[in-house]
Amino acid sequence: MKRTVKSIICIVLAAALVAAFAGCAKMNYVMNGAIEAIHEVKSGEWNKPSEDEAAELEKDNIVIDELKPGTYGGVEFNDLNDVAAYYKEAYDYTKSLTAQYDENGNTVTYYKLLGDEKMKIGDVIIDGSKNAIVNNLVPGIVDGMFKPNTYGLVPCYNRNPDLDNNSEDEHKKEDHDFRTSAVTGDDILAANVTDNGDGTITLEIQPKMAQMSMRGDDSQGRFFEVLGDISGVVGDISAVSFTEGTAEDNVKVYYKGGTVKVKINTKTKEITEADYVMETTVQVTHASIAVIRDKSANLTITYTNHYPADDKYLKDSKGITRK
């Protein structure tokens with residue numbers, strides 16, 4: 001997922017520049033591939049965002065109801081540490097469960113709980129304003145590149161538990177295994193619990209914000225399928241340079257406002273249903289491209305994982321059938 005999303009981000013940013021500032025003559029290039037169009041332009045720059053804009057991105061506001069200490073479904077929750085501990089216990093148990101599937105005629109063993117994924121890129125904002133041309137192009141760019149897949153509970157590398165580790169991560173740490181959760185109370189900004197009255201409870205969790213989140217390394221990366229360091233991807237677009245600093249200095253990714261909602265069977269501590277909604281803002285500053293001067297650009301991403309995926313999704317996306 002991450003490589004695809006990084007590519008989509010770069011193309012959308014390129015489309016924003018070309019469509020907004022290079023004129024209608026460039027629109028055919030945008031439609032056929034914005035990366036090609038971006039190479040036709042030669043100089044210019046975006047400005048640094050205003051202090052108010054920067055301050056707003058740094059705010060971490062609570063967007064869900066806060067915990068009311070008490071007993072829910074026979075389980076006592078006094079604080080966020082209790083929520084984190086119960087979430088971890090349920091996550092670890094659920095990821096210990098496997099099931100057999102038919103995949104294109106072969107019997108395979110994957111996680112019992114597999115999910116679907118969706119991605120939406122919101123409005124591209126340039127100098128604080130929306131650009132209708134670019135935002136009309138975005139759905140086509142995303143739909144053309146984003147190919148839905150299925151994995152175990154996020155963060156996750158694979159639907160096969162034997163491969164759900166950090167062996168392919170460019171920022172890998174030898175001591176982390178994604179078959180278990182590393183979440184603690186310190187990762188949570190707010191949470192609440194609901195007794196569903198049917199032997200299940202629902203935990204709703206809002207992780208604390210993070211910048212340039214890394215998988216397994218911070219409050220967002222322990223809950224979501226984060227993008228990792230995208231500065232290198234933007235920096236690799238040869239037509240882009242920076243008037244001051246490097247891509248690492250000027251490409252920021254803010255994660256905040258996302259939520260996790262999991263339904264848990266209190267008898268077994270198995271997660272039976274879950275929704276992970278990751279909210280992300282990508283900001284690029286001091287980037288030089290074409291005749292664009294004194295500009296800044298932001299785009300937002302909403303990435304959603306729902307569990308369990310339905311049978312049609314599994315069949316259509318990966319040719320998988322539950323046995």
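Worth knowing before you read on, the calculation uses all heavy atoms, side chains too, and leaves out hydrogens, waters and symmetry mates.
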Worksheet item: Any chain of hydrophobic side-chain contacts (each under 4.5 Å) joining Tyr111 to Tyr93?
Response: no
Worksheet item: Backbone N or O of Asn149 within a donor-acceptor pair of the Lys318 side chain at under 3.5 Å?
Response: no
Discussion item. Using the rule given for side chain to side chain contact (heavy atoms under 4.5 Å, CB included), can you reason through His306 versus Glu273, listing the C-alpha separation, both sets of side-chain angles and the distance that settles it, and then say yes or no?
Written reply: CA-CA 8 Å; His306 171 76; Glu273 187 174 345; 3.9 Å; yes
Worksheet, complete the sentence: Here the salt bridge (charged side-chain N to carboxylate O under 4.0 Å, His left out) pairs for residues 300-315, sequence neighbours left out, are Asp311-Arg322, Lys312-Asp316
Item to complete: Please step through side chain to side chain contact (heavy atoms under 4.5 Å, CB included) for the pair Leu227 and Ile301, ending with a clear verdict.
Response: CA-CA 11 Å; Leu227 302 178; Ile301 302 168; 4.2 Å; yes
Worksheet entry | Asn192 side-chain N/O to Lys68 backbone N/O, donor-acceptor pair under 3.5 Å | no
Item to complete: Nearest 0.5 Å please: distance from the OG1 atom of Thr150 over to the CG atom of Leu314.
Response: 5.0 Å
Fill in: Within-4.5 Å side-chain heavy-atom neighbours: Leu67 and Asp82
no
Item to complete: Without swapping roles, check the side chain of Thr266 against the backbone of Gly199 for a donor-acceptor pair under 3.5 Å.
Response: yes
Worksheet item: Does NZ in Lys261 sit with more than 12 non-hydrogen atoms of other residues, nucleotides or ligands closer than 6.0 Å?
Response: no
Worksheet entry | Side-chain donor or acceptor of Asp195 paired with backbone N/O of Gly73 under 3.5 Å | yes
Practice prompt. For the residue pair Leu114 and Tyr101, establish whether any side-chain heavy-atom pair is separated by less than 4.5 Å.
Written response: yes
Worksheet item: Looking only at heavy atoms, which two atoms of Gly258 and Gln206 are closest? And how far apart?
Response: O-CG, 3.5 Å
Fill in: Within-4.5 Å side-chain heavy-atom neighbours: Glu225 and Tyr151
no
Worksheet item: What's the spacing between Ile201 CD1 and Lys263 NZ if we round to 0.5 Å?
Response: 11.5 Å
Worksheet item: Of the non-hydrogen atoms in Leu163 and Tyr157, which two are nearest, and what is the gap between them?
Response: O-CB, 3.7 Å
Worksheet item: Does Asp218 use its side chain to pair, donor to acceptor, with the backbone of Ala210 at less than 3.5 Å?
Response: no
Worksheet item: What distance do Glu204 atom CD and Asp275 atom CG have between them, rounded to the nearest 0.5 Å?
Response: 10.0 Å
Worksheet entry | For Lys269, side chain to side chain donor-acceptor pair (under 3.5 Å) partners two or more places apart | Glu89
Worksheet item: Roughly how far apart are Met119 CE and Met278 CE, rounded to 0.5 Å?
Response: 9.5 Å
Discussion item. Using the rule salt bridge (charged side-chain N to carboxylate O under 4.0 Å, His left out), only one of Arg179, Arg159, Lys95 pairs with Asp164; which is it?
Written reply: Lys95
Practice prompt. Just do the side chain to side chain contact (heavy atoms under 4.5 Å, CB included) check on Val108 and Asn160 with the steps written out, would you?
Written response: CA-CA 9 Å; Val108 294; Asn160 183 342; over 6 Å; no
Worksheet entry | Test item: Tyr313 side-chain N/O and Pro308 main-chain N/O as donor-acceptor pair under 3.5 Å | no
Worksheet, complete the sentence: Closest non-hydrogen contact found for Arg215 with Pro155 is CG-CB, 3.9 Å
Worksheet item: Are Leu189 and Phe77 joined in one hydrophobic group, where the rule is that I, L, V, M, F, W and Y side chains link up if heavy atoms are under 4.5 Å apart?
Response: no
Worksheet item: Honestly curious: do Val260 and Val277 fall in one hydrophobic cluster under the side-chain, below-4.5 Å linking rule?
Response: no
Worksheet item: Looking only at atom types and distance, does a side-chain atom of Ser213 sit under 3.5 Å from a main-chain N or O of Gly221, one as donor and one as acceptor?
Response: yes
Practice prompt. Using a 4.5 Å cut-off on heavy atoms from C-beta on, say whether the side chain of Phe224 contacts that of Thr280.
Written response: no
Worksheet item: Hey, do the aromatic rings of Phe223 and Tyr87 have their centres closer than 6.0 Å?
Response: yes
Worksheet item: Looking only at heavy atoms, what is the nearest atom pair of Asp102 and Lys323, with distance?
Response: N-CG, 3.6 Å
Discussion item. Going by the rule ring pair (Phe, Tyr, Trp, His ring centres under 6.0 Å), which residues pair with Tyr255 if we only count those two or more places apart in sequence or in a different chain?
Written reply: none
Worksheet item: Between Ile188 and Ala190, what is the shortest heavy-atom contact and its length?
Response: CG2-O, 3.3 Å
Worksheet item: So, Thr272 versus Asn265: side-chain donor-acceptor pair below 3.5 Å or not?
Response: no
Worksheet entry | Shared hydrophobic cluster for Tyr307 and Tyr110 (ILVMFWY, side-chain gaps under 4.5 Å) | no
Practice prompt. Would you kindly say whether Asp116 and Ser317 are connected by a side-chain donor-acceptor distance under 3.5 Å?
Written response: no
Worksheet item: At what distance, to the nearest 0.5 angstrom, does NZ of Lys112 lie from CD1 of Ile271?
Response: 12.0 Å
Worksheet item: What closest approach, in Å, do Thr184 and Ala84 show between heavy atoms, and which atom pair accounts for it?
Response: C-CB, 3.4 Å
Fill in: Side-chain heavy atoms of Leu113 within contact of Leu97, under 4.5 Å
no
Worksheet entry | Gap separating the CD atom of Glu270 from the OG atom of Ser96, nearest 0.5 angstrom | 8.5 Å
Worksheet item: So do the side chains of Gln100 and Thr109 get within less than 4.5 Å of each other, counting heavy atoms only?
Response: yes
Discussion item. Would you say that Val262 contacts Tyr91 through its side chain, given a criterion of any heavy-atom pair below 4.5 Å between the two side chains?
Written reply: no
Practice prompt. Decide yes or no for Lys252 and Gln211: does some side-chain heavy atom of the first lie under 4.5 Å from some side-chain heavy atom of the second?
Written response: yes
Worksheet item: Same cluster or not: are Val193 and Ile64 linked, directly or through other Ile, Leu, Val, Met, Phe, Trp or Tyr residues, by side-chain heavy atoms under 4.5 angstrom apart?
Response: no
